[in-house]
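Report on the structure given below.
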Amino acid sequence: MANDRELILKRVKDALDPLPERAALPDYAGDLAVMRKITAGRDLLELFSERIKLVNGSVITSKEQLRDRLIEGKWMHGYCDPALWPALAATLGTGFTVETEFDRTRIDDYSFAITRAAGAVAETGTIILSDASTTYRLAALTPWVHIAVVSKSEILSDLSIAVAALGKDPNVIWCTGSSSTADVEGILIRGVHGPGVQIALVID
Amino acid sequence: MAHQLIDTFATRLRPETKAAVYDGSKKGHEKRTKLLFDNYAKPDDLRKLAGKIKQHVIENLDTYLPATEERLKENGINVHWASTAEAACNHVLEIMRARGAKRVVKAKTMVSEEIELEAFLNKHDIECLETDLGEFIVQLDHDKPSHIVKPIIHKSRREIAELFEKNGLGAYDDEPQVITRRAREFLRKKYLEGDVAITGANFVIAESGRIVLVTNEGNSRFCLAATSCHIAIVGIEKILPRDRDLALLLNLLGRSGTAQELTVYTEFISGAKASTQPDGPQAMHVIFVDNGRTDVLASDCKEILRCIRCGACLNVCPVYRQASGHAYRSVYPGPVGAVLSPLLLGKNFPQKADLPKASSLCGACNEVCPVDIPIPDLLLRLRAKAKQEGVPSPGTPPMGGWAVMASQPAAWKAALVAGKLINFMPTKLLPVPPLRAWEKTRDLPEWRGGAFRSWLKKHNS
Ligand code: SF4
């Protein structure tokens with residue numbers, strides 16, 4: 001095992017040396033795979049709202065809408081990023097139990113979690129989370145409902161721009177819709193391990 | 001015409017399995033085609049370009065591998081190298097032992113199947129739990145995946161419900177929603193008890209030292225949120241040059257694999273968790289695995305190393321649809337497997353030299369491949385290789401009998417009855433050598449021939 005590095009690299013070299021020439025890296029426009037028919041000339045919030053619906057997510061734009069959705073789904077106990085709570089406390093005050101510390105020994109107590117997103121992608125209806133923006137990876141994943149708070153200015157147009165914006169965060173995750181599987185007879189089921197409901201709360 | 005070994009397995013499949021595999025693979029293919037053609041004016045150009053990028057990488061692995069290693073290390077990731085399956089397993093064990101770790105939660109990775117990691121870890125008293133729903137079901141049933149993206153395409157909901165009942169996961173209920181919820185309840189506790197997360201990698205980026213993981217279920221994310229150590233086991237061919245190449249490749253992977261514009265979760269990992277983040281691995285390891293890949297690289301079929309394991313060629317293949325994945329008796333089934341599986345065996349190529357013959361060379365696999373691998377050409381090259389090396393034509397002598405039986409109904413019926421004897425026969429005594437070799441690594445499905453005939457007879461009388 002100790003010399004496996006050298007062994008592998010030698011085998012690679014021996015395999016490649018006889019090649020008369022090596023295939024070059026093709027040059028191409030970075031936005032080649034952008035779905036132009038979908039993105040061209042569109043308002044980003046409008047497009048994002050439309051596209052996230054197609055993957056069974058939704059966009060809301062006010063605290064009141066959030067409150068109504070939660071009440072409607074009977075999701076009354078949740079977690080909220082402490083930095084976001086002061087702005088939401090008045091609206092979600094009565095009737096809700098909201099914790100600002102996430103306790104991993106009680107994950108089933110939380111039916112929803114509100115965390116900050118690092119951005120969104122309009123083209124695909126994707127929410128971007130990062131280690132810097134997400135207070136707890138588990139909070140954004142384990143409750144049935146995840147509400148990601150996105151600033152309007154953080155909505156990117158397409159995947160090629162989102163790739164360029166990956167940056168230095170050690171963990172960036174794109175969430176496009178809710179956790180799903182079609183393993184059992186090809187039938188689509190939402191909420192396998194992660195959220196069954198994915199909501200983006202877009203703020204100014 | 002003499003029967004191929006693979007046809008024999010196809011003949012023996014239960015109609016239920018055959019229908020499940022056929023429908024599942026066909027549906028996948030049709031959706032994919034629509035998505036690609038709706039969104040892009042020239043989808044073929046995208047596949048060809050992706051093929052060129054990957055071909056460039058594999059022809060320059062001698063520079064890409066050390067360069068990628070350096071970036072990974074700069075990101076604080078420990079890099080290990082494994083020339084064989086055994087070496088890869090041992091790396092995992094050493095990392096586990098150094099941490100005093102006992103429990104692995106594992107996201108779907110084909111390379112871990114290839115190196116038979118689970119059996120190895122179990123031998124060393126380490127629990128290794130599959131978290132992808134399909135793989136979890138395969139594990140419960142001591143079965144093998146039969147598709148690289150849809151591991152239980154061969155199983156019906158009825159079988160799964162029975163399996164869950166047998167394993168104490170609730171009374172019989174074959175509603176897919178109920179099955180999924182029960183797995184959710186069971187697995188979420190297990191993630192939190194896990195010490196180490198093991199994943200593969202869909203891509204490793206040379207420029208930035210990131211690995212990219214895609215799942216729909218979010219199971220790899222759960223593994224990486226709950227445990228304190230992440231081990232990624234990666235084939236040496238998984239490299240992409242730059243982050244920007246991801247925009248193209250991720251688009252193609254989602255569409256080709258599961259007919260989605262993008263997989264639900266796409267995770268970009270460049271090291272242990274951020275210091276401000278309470279959840280996730282404090283240490284990260286990447287194990288680069290050769291295990292026969294350099295033999296493939298030295299062969300005249302190196303194009304197969306472009307493969308991004310999307311499964312599209314399985315879905316479209318008439319042989320796969322009829323025979324199902326297990327017929328290929330390999331971790332990698334379907335057209336990609338017919339090329340890759342024998343090559344990965346290196347010197348032992350003759351053991352699976354029959355696979356490249358089980359193809360009508362219809363060309364559909366090449367047409368759908370998101371990295372434009374000329375699979376039919378590679379199959380022909382492998383057939384030539386088998387001939388050159390004087391590999392006896394497998395299938396013909398031992399399977400000759402099948403041709404006779406299949407053409408004579410009386411003989412066929414007699415054989416169906418005799419077939420039941422297989423259930424009671426010690427593996428070593430199996431009459432057919434290739435079957436014996438196959439049986440070493442798998443439990444032969446119970447012989448069910450004749451059940452339909454007797455059922456029909458009863459219902460007609
Ligand atoms: S060979 Fe091509 S089509 Fe088949 S799994 Fe690999 S990438 Fe997909």
Side-chain angles (χ1 to χ4, degrees), chain A residues 1 4-5 7-9 11-16 19 22-26 28 30-35 37-38 55 104 107 124 126 131-132 134 136-138 141-142 159-160 163-164 166 168-187 189 191-194, chain B residues 24 27 39 46 49 52-53 55-56 59-62 65 81-83 87 90 133-134 150 152 156-157 160 176-177 179-180 184 187-188 192 216-219 221-222 225 236 241 243-244 246-248 251 261-262 264-274 277-280 290 294 297-298:
Chain A
M1 240 163 53
D4 275 22
R5 181 183 186 278
L7 182 64
I8 294 171
L9 291 177
R11 285 183 189 161
V12 168
K13 187 174 173 317
D14 290 347
L16 294 173
L19 291 183
R22 312 276 185 100
L25 179 60
Y28 65 99
D31 59 357
L32 186 76
V34 173
M35 296 184 273
K37 283 188 213 161
I38 286 168
V55 290
R104 64 184 272 149
I107 55 169
T124 46
T126 300
D131 261 10
T134 308
Y136 297 85
R137 289 188 192 181
L138 282 170
L141 184 73
T142 56
L159 290 187
S160 70
V163 164
L166 280 172
K168 287 269 174 232
D169 196 290
N171 191 295
V172 176
I173 183 161
W174 295 350
C175 312
T176 308
S178 47
S179 160
S180 64
T181 184
D183 272 350
V184 181
E185 293 191 356
I187 296 159
I189 305 290
V192 191
H193 310 274
Chain B
K27 241 190 266 166
N39 295 149
L46 299 185
L49 177 62
K52 283 190 183 140
I53 296 170
Q55 187 69 19
H56 160 77
E59 290 188 14
N60 293 277
L61 271 181
D62 48 350
L65 278 168
W81 300 78
S83 61
N90 277 318
L133 178 61
K150 303 172 237 181
I152 52 167
S156 69
R157 59 169 99 178
I160 300 166
Q177 173 105 6
I179 291 171
T180 310
R184 176 183 171 101
L187 286 168
R188 52 183 31 217
L192 293 165
N216 276 316
E217 298 181 7
N219 56 316
R221 176 61 168 182
F222 213 143
I236 54 170
D243 284 339
R244 66 188 285 251
L246 283 169
L248 174 68
N251 257 304
E261 282 170 3
L262 192 61
V264 175
Y265 293 100
T266 310
E267 195 162 8
F268 305 85
I269 305 146
S270 51
K273 70 178 180 65
Q277 173 58 241
D279 302 329
D290 178 348
T294 46
L297 192 65

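Each chain gets a letter, A, B and so on, in the order the sequences are listed, and its residues count up from 1.
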Measure distances from [X] to the heavy atoms of chain B and classify the residue's part below 4.5 Å as side chain, backbone, both or neither.
X: A:Leu166; answer: both
X: A:Val55; answer: neither
X: A:Thr142; answer: both
X: A:Ile173; answer: both
X: A:Ala24; answer: backbone
X: A:Leu138; answer: both
X: A:Asp169; answer: backbone

Distance in Å, [X] [atom1] paired with [Y] [atom2], rounded so as to fall on 0.5 Å steps:
X: B:Leu61; Y: A:Arg11; atom1: CG; atom2: CZ; answer: 14.0 Å
X: A:Leu25; Y: B:Glu59; atom1: CG; atom2: CD; answer: 12.0 Å
X: A:Ser178; Y: B:Glu217; atom1: OG; atom2: CD; answer: 12.5 Å
X: B:Arg221; Y: A:Ser179; atom1: CZ; atom2: OG; answer: 12.5 Å
X: B:Asn216; Y: A:Thr181; atom1: CG; atom2: OG1; answer: 7.5 Å
X: A:Glu185; Y: B:Ile179; atom1: CD; atom2: CD1; answer: 8.0 Å

Of all heavy-atom pairs between [X] and [Y], which one has the smallest distance, and what is that distance?
X: A:Asp131; Y: B:Ala274; value: OD2-N, 2.9 Å
X: B:Leu133; Y: A:His193; value: N-NE2, 4.4 Å
X: A:Ser160; Y: B:Ala247; value: CA-CB, 3.9 Å
X: B:Val264; Y: A:Ser180; value: CG2-OG, 3.6 Å
X: B:Ala87; Y: A:Asp4; value: CB-OD2, 3.4 Å
X: B:Gln277; Y: A:Thr134; value: NE2-O, 2.8 Å

Using modelled atom types only, decide if a donor and an acceptor are shared between the side chain of [X] and the backbone of [Y] within a distance under 3.5 Å.
X: B:Glu261; Y: A:Thr124; result: no
X: A:Arg137; Y: B:Pro278; result: no
X: B:Asp290; Y: A:Ile8; result: no

[X], part contacting chain A, at a heavy-atom distance under 4.5 Å:
X: B:Pro176; value: both
X: B:Leu187; value: side chain
X: B:Leu248; value: both
X: B:Ile269; value: both

Choice from [options] maximising heavy atom contacts with chain B below 4.5 Å:
options: A:Thr126, A:Asp14, A:Ile107, A:Asp31; result: A:Ile107
options: A:Val184, A:Leu159, A:Val172; result: A:Val172
options: A:Leu141, A:Leu32, A:Leu7; result: A:Leu141
options: A:Ala164, A:Gly177, A:Gly186, A:Gly191; result: A:Gly191

Open item on the list: Measuring only between side-chain heavy atoms, which start at C-beta, is A:Pro26 closer than 4.5 Å to B:Ile53?
Closed with: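 A side-chain contact under 4.5 Å exists here.
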side-chain hydrogen bond (donor to acceptor under 3.5 Å, both in side chains) partners for B:Arg244, two or more places apart
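Listed in chain order: nothing, the list is empty.
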